[in-house]
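Each chain gets a letter, A, B and so on, in the order its sequence line appears, and its residues count up from 1.
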2 protein chains.
Amino acid sequence: MENKLTDCDHRHNPKLKGLRMTRQRCAVYQVLMAHRDHPTAGEVYDRAKHSMPTISLATVYNCLEALVQHGAVRQVNFERESSRYCPNLTEHGHFHDEKSGTIIDVPLKKGIHLSDLLELPAGAQIDNLEITLRGKIIHQPSLTTHP
Amino acid sequence: MENKLTDCDHRHNPKLKGLRMTRQRCAVYQVLMAHRDHPTAGEVYDRAKHSMPTISLATVYNCLEALVQHGAVRQVNFERESSRYCPNLTEHGHFHDEKSGTIIDVPLKKGIHLSDLLELPAGAQIDNLEITLRGKIIHQPSLTTHP
DNA sequence: ATTGCACATTAGAATCATTCCAAATTTAGA
DNA sequence: TCTAAATTTGGAATGATTCTAATGTGCAAT
Ligand SMILES: [Mn+2]
Ligand SMILES: [Mn+2]
Ligand SMILES: [Zn+2]
Ligand SMILES: [Zn+2]
């Protein structure tokens, strides 16, 4: 995937409106948008160095924090592992496949209300919800037959 | 709440069956059962020292790990904060009240299936589910009137 | 009740993701 | 262009957790 300069241009990307844009933030943002997976800060650092060999790890942490605060990307945590960063802004949880180590986005079904699922505390105003799943992908024998 | 010696006795507590019981594991387990809140390892350490002043922090970590592996307590993580430990073995999520810092158990409603809520990946076998909420408790003005 | 040994405890050192620091640089609006 | 405020940077600091290796103990089998 090419680096589109407009990715980091406020005029074309409303998600970044109001966030002061630096070369470094642009590079970090493009790293996340390019693969749409869930890299750690260290992995973002490695990828960002391709287009900007002088960027520092501290800056990658700073940029990721700015993007998260701004709501342009999400931070994802599994147990006590390194934080990961997610470019998918739709409501979703995360499935960690223990076999492959992959993290898979798990969309919430439409029209589901939290109060349908949980006995929420009275007066609770929910600012943030995180749903995390761990397990294995079992290969189902295909039901279709090969003639 | 009193320390009941039988808390850590395999004959009276099936949750600990098969787990080799030491004075330290008993003390740590009793700490968790006594308050039924969500202390960090450091907080468990401080409390355990009341009944066993010589216990070490490394041992508290070891005991907590053993109890978690055994399924006798649960480990709970919020973002990158210190792990917390939970004695409630029923299916529930956790609400972190940003005002008070308290963590409140949030029971799952009966008869809810994950597949009702999430578009699970095909063939996913879920070994672990974590639901984490962050927010504030808003005090509702009471609807009852005082004469 | 004794014994043997696999497993547990302990203090302290090591790890390592993340945050902090303070000096140099850059952004973006006036 | 000029300036103030924000950002970047390399390196040091932090802090929760894990590791190490010496010592101690639970408990099943005798
Ligand atoms: Mn993994
Ligand atoms: Mn808090
Ligand atoms: Zn995601
Ligand atoms: Zn709980």
- Item | Distance-minimising heavy-atom pair for B/L19 and B/H10 | O-NE2, 2.8 Å

- Message: Show the nearest heavy-atom pair for residues B/P39 and B/V44, with the distance to one decimal.
- Response: CG-CG2, 3.7 Å

- Message: Could you tell me the boundaries of the chain A footprint on DNA chain C, defined by atoms under 4.0 Å from its heavy atoms?
- Response: C/dA17 to C/dA28

- Letter per nucleotide, 5' to 3', of nucleotides 21-30 of chain D [B base touched, S only sugar-phosphate touched, - untouched; heavy atoms, 4.0 Å]: -----BS---

- Query: Considering residues at least two apart in sequence or located in another chain, which fulfil the side chain to side chain contact (heavy atoms under 4.5 Å, CB included) criterion with A/T59?
  - Reply: A/Q24, A/I55, A/S56, A/C63

- Query: Roughly how bent is the helix from C/dA1-D/dT30 to C/dA30-D/dT1 end to end, in steps of 10 degrees, with each end axis from five pairs?
  - Reply: 50°

- Item | Euclidean distance, atom CD of residue A/E81 to atom P of D/dT17 [Å, nearest integer] | 14 Å

- Query: So, is A/R80 near the phosphate of D/dA16, with a side-chain N or O under 4.0 Å from OP1 or OP2?
  - Reply: no

- Message: Starting the side chain at C-beta, find the nucleotide from D/dT7, D/dT17, D/dT9 nearest to B/S83.
- Response: D/dT17

- Task: Can you see which heavy atom on A/V106 is nearest to which on B/P121, and at what distance?
- Result: CG2-CD, 4.2 Å

- Message: Under 4.0 Å between a side-chain nitrogen and a carboxylate oxygen: does that hold for A/D105 and A/R74?
- Response: no

- Message: Keeping A/E65 on the side-chain end and A/N62 on the backbone end, is there a donor-acceptor pair under 3.5 Å?
- Response: no

- Atom NZ of A/K15: over 12 foreign heavy atoms under 6.0 Å: no

- Query: For A/E119, does the CD atom have more than 12 heavy-atom neighbours from other residues, nucleotides or ligands under 6.0 Å away?
  - Reply: yes

- 5'-most contact on DNA chain D: B/N77 or A/T54, nearest heavy atom basis? A/T54

- Note on the structure: Which of B/Q75, B/H94, B/R36 passes side-chain contact (heavy atoms from CB on, under 4.5 Å) with B/C86? It is B/H94

- Item | Short side-chain to backbone donor-acceptor contact, A/D116 and A/H113, under 3.5 Å | yes

- Item | Exercise: identify the closest heavy-atom pair between B/C8 and B/Y29 | SG-CD2, 4.2 Å

- Message: Near DNA chain C, counting only heavy atoms under 4.0 Å, which residues of residues 40-49 of chain A show up?
- Response: none

- Message: Need one value for A/T59: base, sugar-phosphate or nothing, where a base atom within 4.0 Å counts as base even if backbone is also close, heavy atoms only.
- Response: base

- Task: Mind telling me whether B/H92 and B/H38 have parallel, tilted or perpendicular rings, with 30° and 60° as the class edges?
- Result: tilted

- Euclidean distance, atom OH of residue B/Y61 to atom C1' of D/dT17 [Å, nearest integer]: 5 Å

- Task: Quick one: which residue pairs count as a side-chain hydrogen bond (donor to acceptor under 3.5 Å, both in side chains) with a foot in residues 122-133 of chain A, not counting sequence neighbours?
- Result: A/Q125-A/D127, A/D127-B/K136

- Message: Using whole Å, what does the distance between atom P of nucleotide D/dT17 and atom CG of B/N62 come to?
- Response: 13 Å

